[in-house]
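Index from 1, following the sequence.
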Amino acid sequence: MKIRLIYPYWQKLARQTEFHLPPYGPVSFAATVPDDVEIEFIDDNLETWDYETDADIVALSIMLTCQIPKAMEIAAEYRKRGVPVMCGGIAAMLHADEVAPQVDSIFLGEAEGRTEKVLEDFRKGKMKRVYDYMGQLPDINLVGHARRDILNRDNYNYRGVQMLDLISASRGCKFNCFPCCTSYLGGRQFRPRPIDTVISELDAIQNNRVFMVDNSLSQDKEWLIDLFTEMIPLKKKWVSHPVMYDEKVMDLAAQAGCWYVYQAIFDTSDVIRDRIKMLKDHGIGIEGTILLGTDDHDEDYIKRLVDFLLEMELDIAEFTIMTPFPHTPLRAKLEKEKRILHNDWSKYTTDQVVYQPKEMSVESLQNMYDYCWDTFYAENGHQVHMGELFKQVIRKEMDDGTYRRYDPKRKTGFSAAQKAS
Ligand code: B12
Ligand code: SF4
């Protein structure tokens with residue numbers, strides 16, 4: 001049996017340098033597929049491909065709302081050709097009602113321990129239209145090593161610099177922030193993976209640089225202390241969402257190779273100032289993620305925020321426009337207030353205004369988005385800032401002897417050479 005697994009195209013932020021990380025949902029799903037099933041993976045963002053296939057079934061892995069239009073286009077084309085289509089992933093769960101009628105089978109929930117049964121049903125010609133496991137989270141011990149071997153490594157480098165490999169040490173998030181759908185997906189349950197499994201998966205990754213895509217590394221202090229302590233000998237360099245603001249945790253994170261974190265910056269308060277300072281004091285870089293258009297934002301507020309970011313000398317800033325994604329507290333609020341302008345998912349890219357802001361017109365918020373990128377990057381462009389961040393990691397790697405130039409012929413990244421030496 002053969003599956004053609006496709007990760008549909010999504011539009012990148014208009015003002016950001018375009019780079020492509022290897023996708024994580026598809027390789028995690030692939031890890032749940034029995035060994036006797038062949039998987040052919042296509043990243044629609046990077047590959048030229050055609051619809052001809054000898055696969056028995058097409059599987060779509062959809063992460064973002066803005067992938068939905070292309071995913072449904074692909075589904076329609078295959079169904080026209082008589083090839084059955086199944087789909088899963090975060091956006092499939094968030095858009096289940098809309099997606100289900102357009103595919104042969106929709107899978108809702110996490111796939112660990114479940115894929116074998118789905119494929120067995122398919123083999124018997126009895127695949128269900130819906131496999132609904134929402135609210136039934138699988139045992140976290142079932143999460144195995146992601147199947148990164150299905151990726152074409154050549155695709156994931158930027159001007160010869162290999163992109164990070166993705167890994168998650170936990171699932172779920174106990175918080176419920178207003179723009180976020182994670183509580184809908186995971187029921188506000190924090191589910192850490194066993195540390196020895198995470199360490200063995202990290203060790204097996206050839207790349208020395210990884211992105212820990214955990215929703216938040218700020219949920220369980222004892223587990224974080226244990227995790228980071230165990231990570232130190234691996235000498236990996238990693239990027240993540242916020243790390244707990246605790247002196248001991250932060251110190252261990254730095255020792256464990258924390259390179260930079262994504263830090264949401266929503267105001268100019270001392271809390272934010274202190275967080276930035278703490279990260280800098282530990283030699284950890286900061287990519288500020290700045291959501292524009294909350295109800296307390298007007299033009300002056302946003303201008304002050306940008307001045308603050310410049311004053312704080314952030315390494316890099318990613319400005320996005322607040323977007324009411326399905327199954328978020330934000331969407332519920334804006335729907336109630338009748339402020340959502342449309343559901344054209346191709347524009348839910350976080351660089352376009354799709355709702356009525358409170359203190360600004362749609363046009364002025366859109367203009368402020370450009371203002372932020374232009375002003376923050378007036379002196380040095382986004383690529384220069386990215387380059388500086390890469391210099392930071394190279395310095396760290398030179399200090400502990402893990403720096404190796406990426407050799408495209410080996411297709412294996414940095415630490416293959418490191419392990420050989
Ligand atoms: C990693 C990540 C990214 C990476 C993606 C890297 C890449 N190459 O894919 C990066 C950093 C690029 C990214 C960017 C964005 N992201 Co993001 N991201 C995530 C994050 C943290 C993890 C996703 C993940 O890998 N999860 C783990 C995997 C294992 O889970 P999974 O995909 O669900 O897969 C499981 C099942 O679904 C199933 N499965 C998967 N595929 C299939 C297929 C089939 C056929 C079957 C049966 C099963 C199946 O099997 C897997 C194992 O159980 C999520 C948060 C989260 N909780 O997941 C947000 C999340 C997906 N991102 C989100 C957002 C909003 C964004 C941005 C749009 C905005 C922003 N600035 O953050 C940007 C994109 C901006 C742009 N247009 O350029 C939202 C999605 C909202 C939406 N409705 O679109 C999320 C949910 C976070 C949130 N705050 O709500 N993101
Ligand atoms: S924004 Fe981050 S911390 Fe807040 S609920 Fe979502 S995943 Fe958790």
Measure from the side-chain N and O atoms of [X] to the backbone N and O of [Y], and report whether any donor-acceptor pair falls under 3.5 Å.
| X | Y | answer |
| --- | --- | --- |
| Lys236 | Ile205 | yes |
| Thr323 | Phe325 | no |
| Gln102 | Ala76 | no |

Polar side chain donor-acceptor pair, [X] to [Y], under 3.5 angstrom:
| X | Y | answer |
| --- | --- | --- |
| His20 | Glu18 | yes |
| Asn152 | Glu47 | no |
| His145 | Thr197 | no |
| Ser364 | Ser361 | yes |
| Thr32 | Thr115 | yes |
| Tyr131 | Asp121 | yes |

Parallel, tilted or perpendicular: rings of Phe211 and His241 (30°, 60°):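 Perpendicular.
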Parallel, tilted or perpendicular: ring planes of Phe390 versus Trp259, cut at 30 and 60 degrees: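 Because their plane-to-plane angle is over 60°, the rings of Phe390 and Trp259 count as perpendicular.
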Are the charged groups of [X] and [Y] less than 4.0 angstrom apart, N to O?
| X | Y | answer |
| --- | --- | --- |
| Glu73 | Lys70 | no |
| Lys235 | Glu397 | no |
| Asp344 | Lys347 | yes |
| Lys126 | Asp104 | no |
| Asp149 | Arg147 | yes |

Test applied, side chain to side chain contact (heavy atoms under 4.5 Å, CB included); reference residue, Pro34; option that passes from Met1, Glu120, Glu116: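 Of Met1, Glu120, Glu116, side chain to side chain contact (heavy atoms under 4.5 Å, CB included) with Pro34 is met by Glu116 alone.
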In chain order, what residues pass the ring pair (Phe, Tyr, Trp, His ring centres under 6.0 Å) check against [X], with sequence neighbours excluded?
| X | answer |
| --- | --- |
| His327 | Tyr184 |
| Tyr51 | Trp49, Tyr78 |
| Phe308 | none |
| Tyr24 | none |

Closest contact, heavy atoms only, Pro22 versus Met163: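 Shortest heavy-atom separation between Pro22 and Met163 comes out as CD-CB, 4.2 Å.
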Contact between [X] and [Y] at the side-chain level, heavy atoms closer than 4.5 Å - yes or no?
| X | Y | answer |
| --- | --- | --- |
| Ile265 | Leu309 | yes |
| Pro8 | Gln67 | yes |
| Val27 | Leu151 | yes |
| Cys66 | Thr349 | yes |

Residue pairs passing the salt bridge (charged side-chain N to carboxylate O under 4.0 Å, His left out) test where at least one lies in residues 297-321, sequence neighbours excluded: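 Found Arg273-Glu311.
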Pairs satisfying salt bridge (charged side-chain N to carboxylate O under 4.0 Å, His left out), at least one member in residues 363-381, at least two apart: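 Of all non-adjacent pairs touching residues 363-381, those that pass salt bridge (charged side-chain N to carboxylate O under 4.0 Å, His left out) are Arg15-Asp370, Arg15-Asp374.
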Show which side-chain atoms of residues 84-100 pair as donor or acceptor with protein atoms under 3.5 Å away, not counting sequence neighbours.
from	atom 1	to	atom 2	distance (Å)
His95	NE2	Thr65	OG1	2.8
Glu98	OE1	Trp345	NE1	2.8
Glu98	OE2	Trp345	NE1	3.1

Within 45° cone of Trp10 ring axis and under 6.0 Å: Lys12 NZ or CZ: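 Yes, Lys12 lies over the aromatic ring of Trp10.
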Lys/Arg cation over aromatic Tyr245: Arg275, 6.0 Å, 45° cone: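 Yes - Arg275 lies over the ring of Tyr245, closer than 6.0 Å to its centre and within 45° of its axis.
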Could you grab the distance from atom [atom1] of [X] to atom [atom2] of [Y], nearest 0.5 Å is fine?
| X | Y | atom1 | atom2 | value |
| --- | --- | --- | --- | --- |
| Asp281 | Asp274 | CG | CG | 10.0 Å |
| Asn45 | Ile6 | CG | CD1 | 12.0 Å |
| His297 | Leu291 | NE2 | CG | 7.5 Å |
| Ile74 | Asp44 | CD1 | CG | 4.5 Å |
| Gln263 | Met312 | CD | CE | 10.5 Å |

Listed by chain and number, what are the side chain to side chain contact (heavy atoms under 4.5 Å, CB included) partners of [X], not counting sequence neighbours?
| X | answer |
| --- | --- |
| Val384 | Asn380 |
| Lys2 | Glu38, Glu40, Asp54, Ala55, Asp56 |
| Asp296 | Thr294, Tyr301 |
| Gln136 | Arg114, Tyr133 |

List, one per line, each side-chain donor-acceptor pair under 3.5 Å for residues 164-171, sequence neighbours excluded.
from	atom 1	to	atom 2	distance (Å)
Asp165	OD1	Arg153	NH2	2.7
Asp165	OD1	Asn207	ND2	3.0
Asp165	OD2	Arg153	NH1	3.3
Asp165	OD2	Arg153	NH2	3.3
Ser168	OG	Ser170	O	2.5
Ser170	OG	Asp214	OD2	2.6
Arg171	NH1	Glu110	OE1	2.8
Arg171	NH1	Glu112	OE1	3.0
Arg171	NH2	Glu112	OE2	3.0

